[in-house]
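One structure is given below, encoded as structure tokens.
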Amino acid sequence: MELYGVELTSRLLLGTAQYPSPQVLLEAIHHSRCEVITTSLRRESAGGSGAAFWDMLQDLSVRILPNTAGCHTVRDAVTTAHMAREVFGTPWIKLEVIGHGDTLQPDVFALVEAARILSAEGFQVFPYTTEDLVVGERLIEAGCEVLMPWGAPIGSGQGLLRRDGLKAMRAHFPKVPLIVDAGIGRPSDAAEAMELGMDGVLMNTAVAKAGDPVAMARAMDLALRAGRAGFEAEPMERRDMGVPSTPVLGLAELM
Amino acid sequence: MITIAGAGLAGLACAHELARRGARVTIYERSARIGEGSVSRYAGGMLAPWCEGESTEAQVITLGSRALDWWAQITPVVRRGTLVLAPARDRAELTRFAKRTEAHEVVDETQIAALEPDLAGRFRTGLHFAQEGHLDPRRALIDLARRVEEMGVTIHLDTTAPKRVTLDCTGMNAPLHGLRPVRGEMAILHAPGVEIRRTLRLLHPRIPIYLVPREGQHVMLGATMVESSATCPPTLRALSELMNAAYALHPGLAEASVVELGAGLRPAFANNLPQLIWQDGTLFLNGLYRHGFLLAPAMAARAAEILIPETEDADHRERRTA
């Protein structure tokens with residue numbers, strides 16, 4: 001998978017919030033074999049006050065994708081992106097502009113606007129969006145080279161609620177990396193996203209809030225690899241009738 | 001003679017355990033009054049090892065289970081348990097909490113009403129951790145200081161510690177590698193309209209809160225957890241989240257007056273567990289994170305054991321020969 005010219009062998013992007021401890025987080029990152037982690041900046045972290053935690057993340061050999069989680073306006077998101085670039089020294093930014101407090105649905109209008117501003121400033125934007133095709137087109141026009149449609153509301157663990165929408169997105173944007181962001185609950189959800197031909201999956205709560213986050217990180221890695229391998233192997237078509245899988249030839253004949 | 005830097009929770013608890021073993025102890029404390037410079041003044045004061053089991057290692061339960069008895073000898077401890085609740089739509093959080101913890105009983109609406117009459121009819125189900133309790137952190141620290149002074153410990157307030165001390169308990173001020181601050185924001189409410197008898201925890205996927213009753217119809221409302229070293233007063237976001245959640249617990253809390261707002265930095269290591277570390281001839285007790293009152297007694301006992309090994313102790317002998 002290639003994201004903004006960076007070649008990655010793992011299709012998993014892992015969030016860094018809500019783990020029982022930083023140590024568990026580090027182990028989960030290790031066992032997930034992911035190469036990209038995402039972390040949020042909050043306003044009270046301005047001036048690098050989150051430094052101790054960020055230093056720990058930056059010491060890892062994984063790439064950091066800072067995000068604008070919790071931002072509700074264009075201005076908020078743009079300011080946070082600036083802070084992120086300063087703290088982490090990367091043009092990458094996962095752009096979240098939340099439109100609804102309960103569903104955490106993206107405000108796609110503000111998202112497009114913020115994406116345009118940030119792309120023009122040289123950021124490489126990973127927009128958290130819906131599966132809406134027109135919004136996707138607008139984001140690409142705005143300069144995004146990756147789209148991150150949601151699977152379900154953030155943190156809900158509901159899996160892929162709109163399979164057909166994601167399929168349509170895949171068909172409509174055959175060359176754009178599509179990463180399912182949010183909503184993954186179980187390894188089967190992650191595998192399903194891969195089988196639909198998505199390029200990657202970003203998750204946080206599913207791993208962080210699992211009974212054993214480290215074991216779940218491992219499970220997610222395996223699920224993604226299995227799902228992708230299955231996609232590449234071109235799964236059989238569904239049939240509505242049973243078809244015997246044992247050969248009919250050579251059956252013993254009853255005398 | 002043993003010298004300790006810091007008369008906060010860790011320093012005083014260590015002084016207690018050392019004095020109990022017969023040591024002569026002197027503590028140096030930078031602030032002018034006990035508790036003033038200690039982050040524990042913003043603590044909830046919960047003695048809730050089983051609830052903490054939800055997000056931490058079993059070690060916390062083991063180390064913390066005797067904390068209630070330890071504190072009860074020093075300061076008033078309310079032993080009415082912890083009641084864990086969740087709004088109807090976040091029932092999944094309660095299921096998860098129950099699965100990950102022990103020593104609780106599932107309580108229904110009637111039982112909740114019996115435990116907390118003011119919450120009658122508000123929640124269908126909850127978890128009661130009957131063995132848990134709480135104390136008032138500020139009072140506890142003052143009571144503990146008084147006790148160690150009675151035991152012969154000298155506390156020098158308003159005094160910088162000498163360069164070399166036996167034991168360093170200075171929290172975030174300690175020069176330890178890997179120690180990081182986890183910011184917490186809290187409020188103290190005066191809520192005469194709502195009676196809360198025991199620690200209440202309201203689960204929420206994003207904003208879990210707890211309420212701990214204090215003297216005089218006061219309630220402590222906490223707490224955020226932010227990976228940040230910012231020492232500014234609580235942010236509006238933190239407060240609105242905490243207060244919204246409190247309001248969801250009981251709308252009557254809307255009438256409470258906000259008596260105090262505070263923000264502190266919890267010292268923590270990467271695994272969020274406390275550690276005893278030797279560095280340049282000084283023993284450091286640090287990283288009590290959000291488990292100060294729960295783990296200080298056990299960690300202090302360990303520190304004392306390191307500094308004054310009870311060689312004649314039968315138990316110790318056994319361990320050495322094992």
Side-chain angles (χ1 to χ4, degrees), chain A residues 16-30 39-60 69-72 76 80 83 87 98 101-104 152-158 182-183 185 204-206 208-214, chain B residues 52-60 89-90 92-93 95-97 99-101 172 176-185 203-208 224-241 244 263 265-273 275 287 289-291:
Chain A
T16 57
Q18 297 183 308
Y19 290 79
S21 73
Q23 187 159 313
V24 174
L25 163 65
L26 298 187
E27 281 171 41
I29 292 171
H30 177 70
T39 189
S40 71
L41 283 95
R42 286 173 67 148
R43 281 307 185 81
E44 55 262 56
S45 334
S49 62
F53 183 67
W54 297 332
D55 283 352
M56 217 171 52
L57 299 182
Q58 281 176 303
D59 283 348
L60 302 170
C71 290
H72 286 255
D76 230 18
T80 308
M83 262 172 57
V87 171
I98 300 302
D102 268 5
T103 61
L104 302 181
I154 298 173
S156 69
Q158 293 177 29
N204 188 343
T205 314
K209 291 287 188 181
D212 182 343
V214 178
Chain B
E52 289 300 319
E54 184 254 337
S55 59
T56 191
E57 324 238 337
Q59 203 184 334
V60 170
R89 56 186 283 191
D90 296 323
E93 296 293 315
T95 311
R96 179 178 187 275
F97 201 94
K99 224 163 38 178
R100 297 184 54 79
T101 53
M172 275 320 301
L176 289 175
H177 178 74
L179 191 68
R180 76 185 205 286
V182 181
R183 180 175 152 93
E185 292 144 297
L203 304 181
H204 185 279
R206 293 198 302 280
I207 325 145
T224 56
M225 305 249 276
V226 188
E227 295 285 346
S228 164
S229 60
T231 50
C232 56
T235 61
L236 187 139
R237 185 206 334 238
L239 292 176
S240 58
E241 283 177 352
N244 268 325
L265 301 179
R266 311 172 180 96
F269 291 108
N271 60 2
N272 289 346
L273 294 173
Q275 285 181 38
Y289 183 46
R290 63 175 205 198
H291 303 125

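Letters A, B, ... are given to chains in the order of the sequence lines, protein chains preceding strands, and every chain is numbered from 1.
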Original post:
Around atom NE2 of A:H72, are there more than 12 heavy atoms of other residues, nucleotides or ligands at under 6.0 Å?
Top reply: yes
Subject >> Listed partners of B:R96 passing side chain to side chain contact (heavy atoms under 4.5 Å, CB included), at least two apart >> reply: A:K209, B:E54, B:R100
**OP:** Under the side chain to side chain contact (heavy atoms under 4.5 Å, CB included) rule, collect the residues that match up with B:L179, sequence neighbours excluded.
**Re:** B:M172, B:L176, B:P267, B:F269, B:N286
**OP:** Using non-hydrogen atoms and a 4.5 Å limit, figure out which bit of A:L104 sits close to chain B: side chain, backbone, both or neither.
**Re:** side chain
Subject >> Distance-minimising heavy-atom pair for B:S55 and A:P20 >> reply: O-CB, 3.3 Å
Original post:
Does the side chain of B:N272 reach to within under 4.5 Å of the side chain of A:P22, using non-hydrogen atoms?
Top reply: yes
